[in-house]
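Note: hydrogens, waters and symmetry copies are ignored here, and every other heavy atom, side chains too, is used. Letters go in sequence order (proteins before strands), and every chain restarts at 1.
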Amino acid sequence: MTQTAIATEFLTRRFGALLAVDRINLSVEAGQFFGFLGPNGAGKSTTIKMLTGLLAPTSGRICLLGLDLEEQPIEVKRQIGVVPEGLALFDRLTASEYLNFVGRMYGLDRRTAAERAAELLNFMQLADRPKSLIVDFSAGMKKKLALAAAVIHGPKILFLDEPFEGVDAIAAGSLKAMLHRMTDRGATIFLTSHVLEIVERLCSHVAIIHKGALVAQGSLEELRAGVEARAELHAAAPGEKLTLEQIFLSIVGTGAARSDQELSWLM
Amino acid sequence: MADVAPSFGTLSQVAIIARLRARIFRNSIRTTSARLDLVAFLLVGALVAFLALGIGMGMAFGAYFALTTGKLALLNFLFWGIFLAWHVLPILFASFTVGFDFRNLLRFPLRFLAFYLLSLAYSLFDPALLSCLFWLICLGAGAAFARPDLFPAILLVVMVFAAANLLLGRLISSWLERLLARRRAREALIALFLLSMFSLQLFGVAGQRWGNEAGPLRVKLAPLLSPLLRPFPPGLASSSIEQAAQGNALPTLAPVALLAAYGVLFAWLLRRRLLAQYRGEDLSESLAPSRPSVPSAFRPAPVSSASSASFASFILPPPVAAMFEKEVRYILRNSILLLTMVAPVLFLIVLLSAGQSPRPGKRSVMPITSSDFLFPGAVAYAVLIFTNLLHNCFGYAGYGIQLLLAAPVRFRDILLGVNLAQTALVLFETALITLFYSFFFHPPALLMLLATLAMLCFLLLVNLSAGNLLSLYRPRRIEFGSMRRQQASGLTVLIGLGIQLASLLLITLIFLATYFFGGTWLALLVFLVLAAATAQLYRTVLDRCTRIALDRREFLTAEFCRSS
């Protein structure tokens, strides 16, 4: 029997008059590679912040691995890893010092933290600058380090906000392989990305948020079938499947219908 | 065919950017917290303005006195004072002012002339520079009041001197911007700058101590130095007024012309510097990789030195120890903070030297001149200089605050780790002070040492309790190695000042009471009672911090994760 890794009930967040997240009911099974999509300002990062305890919901409930986040925050946080928007680095530490620090903050003993840190630095190809401070790293290196820090304690759920932004193709390949290995072993990965090709290639299940509301949720096949049935949108050639981009645009709308009339002064 | 943006004049471009600055200011005070900071800033600004007004009156009186009594050499001194203040104060107060990198505007089709003018105009908005300009006007007014017949000459000199200084000031700051663009250079330069500031303070104290002995030397050096200082802008400005006062028309114009030539030279050098910026000079941090990388496949990552067990990890719970070690690393990498540690020791050495051999004919009237009270005074000063750090625990955390909020650790433990590192820093400073005190004077009496340690406990616990609350309620992100934004928020500074004043007043009263009514044992007793009470307060505050941090996580994330 599969366990529900992430479940929300009427999750809502207001910022003054703005309703950023509107009564979302998410359900993600353990072991799923889950893509969370939406246009800019749809509420993706707000949702991830609430799911990881960085932001309090206005109302609603969050359960991770069967534990209520509000009631047992420490227990829940122990089992999740997160790469938040803007990363969460202490940039005056070296990569190794930072990973050791994170490992110990997540309850690893000193020796285990050090061993895992060394292993992760090798894997992420960050081991060749042992004395460099993080502040001197490139954006891609910082991203890889943040990913390493998010997995050092072996989390059961991993939340990734735009994880491949700025990461080179070689490292991205290794990272994707690592993430797949994690899901094969039962970990759940909750990922947001604007690069729909990446989501399509990696994720088995997808949810789409638009203007704060959850407008679609399910496996890629379910979403594809839903769109085809509802909008009578079909792939260009027989035998081809609708791409995630086509599904996404069909659900949230392109907003470009009037583009012929607008911005006529542009070349 | 599409139209391209029409070109428009330099003045229009300057006006647009002036409106942009006004809009940025208005937007920056939309929140209540920003408005409170503005109020605190205005209060401090009023005090500074009062001080500036006083100095301005001094300048006016000095110039009046010089011209009415014929002691014209005094003008040289006044012009040099303004000149040095003009170029040192803006750097000194840069950490209090809001930064705005107008090089960002270069993405727009801005004319070079507009860029040049904006660059100059921007520097005029600096309060320190405005003060200097005010002092210069006061000097001119004082001189003109004394000799109304010299008004045209004085006006000319003041205007040319102001223009030359404005250009030189902007030239210096644009070079500083370039040097400070690299982290290592920036930190080294700031360290050097702070050291020079401490040295200046030290000169002041040393001057008081050895001023009499240095008197004859000063008398000998003054005539030698005076001609050497004349060819520089302040010397030229004072020369022209001196010549005008003596009724020499041509010699009046010659120094003004030279002063104007300086202005032209500065303008040309500034043009070169700004042209480099205008053409897209890259000042990015990432230009300076520490060394070429070697493919890590061939180089296994060593198990970090961080893995070696530390003393902290044996006695502290793992997250507290991790936080403590991280804070210690941050402190050791903070050159500005480390330099701050020099100040109490320097002051102690100078004050002790002064106390050992008082000036002939001078008698000490306050107990503070007694060497016994210098020791607790220096220790209290050590806590005082770390106020910014103690009252803004997460100032350097930046985006790392998200990790602290997402980690499965109670915020109480996080703060405990930070506080222990801060305590270690203050204790190290206290040990340094004790060492220097013992070396330069004599070891403090045991009872005084114990009373001072009890006082330190009380003072530290008060500041840690207040600091933990202020760090959650009024935090401020601070940039490592940046001249700007080095202060905690305005309100935190005001509250911190109030706490320090109240606790220092209490400490002084206790020591004075023991001085007049009993032995040091009484101070020890009182401080032990106070330390015990504040320990309980600290514990209560610490226990509540987990809840407060949880309630304020959104605010904390917003403050620390905004782009600087």
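- Contact check for A:F101 versus B:M323: side-chain heavy atoms found under the 4.5 Å cut-off.
- The nearest pair of heavy atoms linking B:A322 to A:M105 is CB-SD, 4.3 Å.
- For the pairing with B:E554, the salt bridge (charged side-chain N to carboxylate O under 4.0 Å, His left out) check across A:R14, A:K49, A:R13 returns one residue only, A:R13.
- Using a 4.5 Å cut-off between heavy atoms, A:E85 touches chain B through its backbone atoms (N, CA, C, O) alone.
- In this structure, B:R544 places its CZ atom where only 12 or fewer heavy-atom neighbours from other residues, nucleotides or ligands lie under 6.0 Å away.
- Here the closest non-hydrogen pair linking B:Y330 and A:D91 is OH-N, 3.2 Å.
- Both the backbone and the side chain of A:A56 come within contact range of chain B, with heavy atoms under 4.5 Å apart.
- For the residue pair B:Q402 and A:L87, the shortest heavy atom distance occurs at NE2-O, 2.8 Å.
- Neither the backbone nor the side chain of A:Q72 comes within contact range of chain B; no heavy atom of the residue lies under 4.5 Å from a heavy atom of that chain.
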Could you please spell out the steps behind the side-chain contact (heavy atoms from CB on, under 4.5 Å) verdict for B:Y396 and A:R92? CA-CA 9 Å; B:Y396 295 107; A:R92 299 291 153 156; over 6 Å; no
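- Between A:G53 and B:R553, the shortest heavy-atom contact is O-NH1, 3.0 Å.
- With a 4.5 Å cut-off on side-chain heavy atoms, B:E325 and A:R104 count as touching.
- Contact annotation for A:L93: both backbone and side-chain heavy atoms come within less than 4.5 Å of a heavy atom of chain B.
- Residue A:K156 places its NZ atom among 12 or fewer non-hydrogen atoms of other residues, nucleotides or ligands, all under 6.0 Å distant.
- The OG1 atom of B:T546 sits 7.5 Å away from the CD1 atom of A:I74 when rounded to the nearest 0.5 Å.
- In this structure, CZ on B:R333 lies 6.0 Å from OG1 on A:T94, to the nearest 0.5 angstrom.
- The side-chain contact (heavy atoms from CB on, under 4.5 Å) test with B:L405 is passed by exactly one of A:T52, A:L54, A:V82, A:L55: A:L54.
- Residue contact with chain A, scored on non-hydrogen atoms closer than 4.5 Å, is absent for B:L556.
- A 6.0 Å sphere centred on CG of A:L18 holds more than 12 heavy atoms belonging to other residues, nucleotides or ligands.
- Only the side chain of A:F15 comes within less than 4.5 Å of a heavy atom of chain B; its backbone N, CA, C and O stay farther away.
- Shown here is A:R23, whose CZ atom has no more than 12 heavy atoms of other residues, nucleotides or ligands within 6.0 Å.
- Nearest heavy atoms, B:G400 versus A:F90: O-CZ, 3.4 Å.
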